[in-house]
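Worksheet: one structure, shown below.
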Amino acid sequence: MKSFIGRRAISSAVSLGGLIVLVFFLTRLTGDPTNLYLPLDAPMEARDNFRVLHGLNDPLIVQFGSYVYDVLHLDFGESIRKARPALEVVLEAFPWTLTLAVVTMGLVTLFAIIIGSLAAARVGGVFDRLSGIMSLIAASTPEFWVAIVGIFIFAVSLGWLPTSGTGTIWHWVLPITVLFIRPFGLILQVVRGSMISALSSPYVKTARAKGVRQRAIIFVHALRNGMLPVITVIGDQAAGMLNGAVVIETIFGFPGVGKLMIDSILQRDFSVVLASIMVTALAIFIMNLLIDLLYAVLDPRIRY
Amino acid sequence: MTNTNSQYRHILEVKELAVEFHTANGRFQAVKNVSFHLDRGETLAILGESGSGKSVSASAIMNLIDTPPGYITQGSIHYRGQDLLNMSDVHRRDINGAKIAMIFQDPLAHLNPVYPVGWQIAESLRVHGVDKDKANQRALELMKRVGLPDAQEKFDAYPHQFSGGQRQRLMIAMALGFEPDILIADEPTTALDVTVQAQILELLEELQAETGMGILLITHDLGVVAETANRVVVMNQGEIVESGLTREVFKNPQHYYTRKLIAAAPGHLGRQGGATGLREGRDALLSVENVVKYYGKFKAIKGVSFDLMPGETVAIVGESGSGKSTMAKTLLRLEEPSEGKALYKGRDLFELNPKELFELRREIQMVFQDPTQSLNPRMTVEKLVCEAWKIHPQLLPRAKWKERVAELLVQVGLSPEHAARYPHQFSGGQRQRIAIARALALSPELIVCDEATSALDVSIQAQVIKLLSDLRRDLGLSFIFIAHDLPVVRDFADRVIVMKDGEIVEVGEVEQIFNHPAHPYTRALLDASPDADPDVQAQRREKRERERRMAVV
């Protein structure tokens with residue numbers, strides 16, 4: 001197990017390294033950063049000073065070296081907008097996104113598993129039809145539209161919930177609800193399919209022959225087997241959210257990584273963009289590792 | 001059960017049972033008007049081939065038929081006088097596992113892969129109200145009783161960590177928690193090696209003597225019936241065609257289907273025309289010398305040598321793990337050998353370069369165990385057979401393909417109209433014929449059959465053996481016939497190689513192997529394969545009994 005984590009860490013380090021290189025060259029591909037950072041009418045001296053200050057006159061390899069050195073020391077440079085270390089800015093925003101993602105995915109998983117399992121237990125029954133309708137709606141509704149309509153109904157007309165921002169627990173309700181819809185519809189279908197095949201497996205027959213109750217058959221015997229493919233999809237969806245739910249965070253003025261990244265890109269605050277990419281990449285790596293470990297916990301046949 | 005009706009005659013009584021399945025293709029009568037009964041202490045076998053309705057009948061007793069698609073349309077099932085079919089689900093759950101228990105064919109699939117075996121055995125007790133500690137304790141006792149070594153340490157192990165025989169012991173332990181009145185055993189030994197099968201059957205017999213339970217044995221295997229059953233019910237296409245005391249049914253079958261089934265029992269067909277004198281003064285077609293195959297450090301084949309003459313059939317027989325299938329794959333270079341030579345017409349198969357190998361593969365064809373998996377489901381029979389000529393275009397001009405396909409289909413006992421159909425439209429035996437037709441398309445000289453008849457029903461098995469024998473006679477083919485089961489080989493092979501743990505333990509002419517086996521393992525294999533003759537089995541049991549008594553003294 002330890003060697004597995006070690007191997008995974010090494011392979012992730014390699015991908016992170018690739019990402020670091022890619023980010024460097026992509027930012028350089030967009031041309032001389034001087035033109036991006038400084039206003040169009042900046043005088044020549046200011047441009048020269050800027051170049052010297054940031055080593056932009058050095059050969060590319062030297063620039064790359066110092067860039068890598070800085071990144072390895074977790075020094076992503078200063079945020080131009082906030083005049084603070086970029087990493088600090090990102091680490092302030094990240095917990096908001098993390099909480100949003102964890103709470104939303106937790107709710108999604110809980111509801112999808114319960115409804116999906118009950119749907120699978122009686123194909124064609126009430127829960128099955130209900131889950132079919134719900135997942136169809138969930139899959140075909142644009143998030144931004146739900147967000148705006150939600151604000152209009154619950155914040156503007158009814159005045160039950162705040163329109164945007166943070167502060168109280170009520171501020172979380174709309175963003176979480178809107179984010180919930182799409183992954184819920186998807187994972188509900190995956191749970192249903194996976195549970196239908198688990199419930200038709202021979203070991204379920206054995207359980208019935210033993211006299212096990214239907215509820216225990218569904219939630220003890222079949223569910224643990226049925227969860228394996230579901231976890232993969234949950235991980236995939238969670239990764240998307242960790243990247244920042246850009247649209248939702250923007251609409252609700254939520255101070256997470258997604259909003260930070262969009263704002264920084266618009267204002268050419270590249271050090272913040274870089275720091276955001278690195279932090280979320282690391283978070284996704286850790287999450288994938290946890291998922292791999294969860295596989296081994298759920299299925300004893302999987303050993304690393 | 002307080003409401004036990006004391007007016008019953010038999011512990012289990014099934015009367016005029018009918019089960020119907022509603023499918024996309026209409027209604028299908030799986031069980032028609034089936035009646036039988038079971039008493040304590042006796043073994044009743046339901047004998048039938050696939051699709052006979054024998055498993056469905058058993059499932060009805062356990063409330064395991066899924067509705068939809070299955071519906072019990074008629075009849076009654078009484079356990080100790082209580083009408084099971086008019087009982088609430090809750091009530092039936094109380095009976096399931098406690099009073100009537102069931103074990104299944106494939107114990108690996110029937111044990112939950114993600115829970116420890118001890119937990120699963122204890123669960124069968126917990127669901128009927130035994131508290132956790134007592135259940136665990138009893139589960140451990142049961143594991144010891146069914147003969148699992150190191151039961152204590154293995155309590156928290158998972159199903160995949162056991163061998164096939166051990167898994168079936170676990171299933172039996174799970175069924176025995178409450179010493180049920182009735183044990184339904186659905187093909188309990190079909191997936192097991194013969195020697196393991198013998199042990200499991202013996203265990204069941206012992207447990208029956210201990211607890212006095214009635215066993216309802218569902219099987220397709222005449223040998224198993226001859227060995228264990230007091231009475232037998234023969235089913236065909238959902239109906240009971242014959243029933244009675246095992247001995248009487250086997251000695252004097254009344255219904256033509258029973259007669260056909262008994263005649264088809266492997267080892268009872270009589271020699272299918274094998275040639276003699278093949279080995280004198282001729283060069284071997286294939287000469288295998290000292291083949292070794294490693295998987296990592298594991299030596300799967302430990303230096304195997306044998307010859308195959310033109311027109312000869314050599315059977316390689318062994319249980320799982322004997323290396324017989326690895327041997328076949330190595331000869332065809334589907335696995336690379338680690339050491340050794342295989343001279344085919346004087347050329348070493350193991351030294352050929354890819355191009356030479358490609359040419360030679362035409363001459364050596366393979367027929368696999370499971371025709372459902374080895375035939376591409378999206379290709380018509382015609383395409384499946386023609387594919388061979390697409391790969392080897394020099395063999396036959398395209399204009400003659402159609403004609404030749406028709407010829408081949410007739411040759412394997414199908415008809416030319418079958419060419420346009422897809423594999424799923426055929427039965428298992430027909431699919432194996434298609435696989436054989438495909439092998440013949442390349443006019444091979446040697447056909448390697450890897451368990452080619454193992455997945456087939458006995459009567460179909462007999463037909464395929466007959467077909468292969470006819471082809472051998474008409475086309476002068478040579479065969480390497482891999483099987484786990486000795487009796488099958490008796491009717492078809494000229495010589496038999498018995499393998500165990502990667503080595504050849506005995507080689508000989510077929511008659512010699514069967515009548516005068518020299519090696520103890522060959523004898524053990526022969527003794528373990530149940531003979532489809534109740535008298536032979538009775539003699540063997542007496543002999544075992546004597547040996548056991550001797551051992552005790």
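The model shown is predicted, which means the values in this text are computed figures rather than measured ones. Quick note on labels: first sequence line is chain A, next is B, and so on, each numbered from 1.
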Is Arg145(B) atom CZ crowded by more than 12 heavy atoms from other residues, nucleotides or ligands, each under 6.0 Å away?
yes

Donor + acceptor pair across side chains of His221(A), Glu123(B) (<3.5 Å)
yes

Go through the atoms of Gln161(B) and report whether side chain, backbone, both or neither lie under 4.5 Å from a heavy atom of chain A.
neither

So which of Pro113(B), Gly177(B), Ala98(B) has the biggest tally of heavy-atom pairs under 4.5 Å with chain A?
Pro113(B)

Taking the cut-offs as 6.0 angstrom to the six-membered ring centre and 45 degrees off its axis, would you call Arg301(A) and Tyr158(B) a cation-pi pair?
no

Which atom pair, heavy atoms only, marks the closest approach of Arg93(B) to Gly211(A)?
CD-O, 3.4 Å

Picking from Ile100(B), Leu125(B), Val114(B), Asn96(B), which has the most non-hydrogen pairs under 4.5 angstrom with chain A?
Val114(B)

So for Leu64(B), is it side chain, backbone, both, or neither that comes closer than 4.5 Å to the heavy atoms of chain A?
both

Closest heavy-atom pair, Val220(A) versus Trp119(B), reported as atoms and distance to 0.1 Å, is CG1-CH2, 3.6 Å

Pick from Leu298(A), Asn225(A), Asp299(A) with the largest number of heavy-atom pairs that fall under 4.5 Å of chain B:
Asn225(A)

Between the CE atom in Met102(B) and the NZ atom in Lys205(A), the distance rounded to the nearest 0.5 Å is 6.0 Å

Taking only Lys NZ, Arg NE, NH1 and NH2, and the carboxylate oxygens of Asp or Glu, determine whether Arg208(A) and Asp66(B) approach each other closer than 4.0 Å.
yes

Below 4.5 Å, heavy atoms only, C-beta onward: do Tyr115(B) and Arg224(A) meet side chain to side chain?
yes

Which value, rounded to the nearest 0.5 Å, describes the distance between Thr206(A) atom OG1 and Met174(B) atom CE?
6.5 Å

Over 12 non-hydrogen atoms of neighbours within 6.0 angstrom of CZ in Phe111(A):
no

For Val123(A), is it the side chain, the backbone, both, or neither that has a heavy atom closer than 4.5 Å to a heavy atom of chain B?
neither

Relative to chain A, which segment of Asp89(B) carries a heavy atom at a distance below 4.5 Å: side chain, backbone, both, or neither?
neither

Does Arg40(B), at its CZ atom, have more than 12 non-hydrogen atoms belonging to other residues, nucleotides or ligands within less than 6.0 Å?
yes

Taking all non-hydrogen atoms of both residues, which atom of His128(B) and which atom of Lys210(A) are closest, and how far apart?
NE2-O, 2.9 Å

Tell me, out of Pro159(B), Ser59(B), Ser124(B), who's got the most heavy-atom pairs with chain A below 4.5 Å.
Ser124(B)

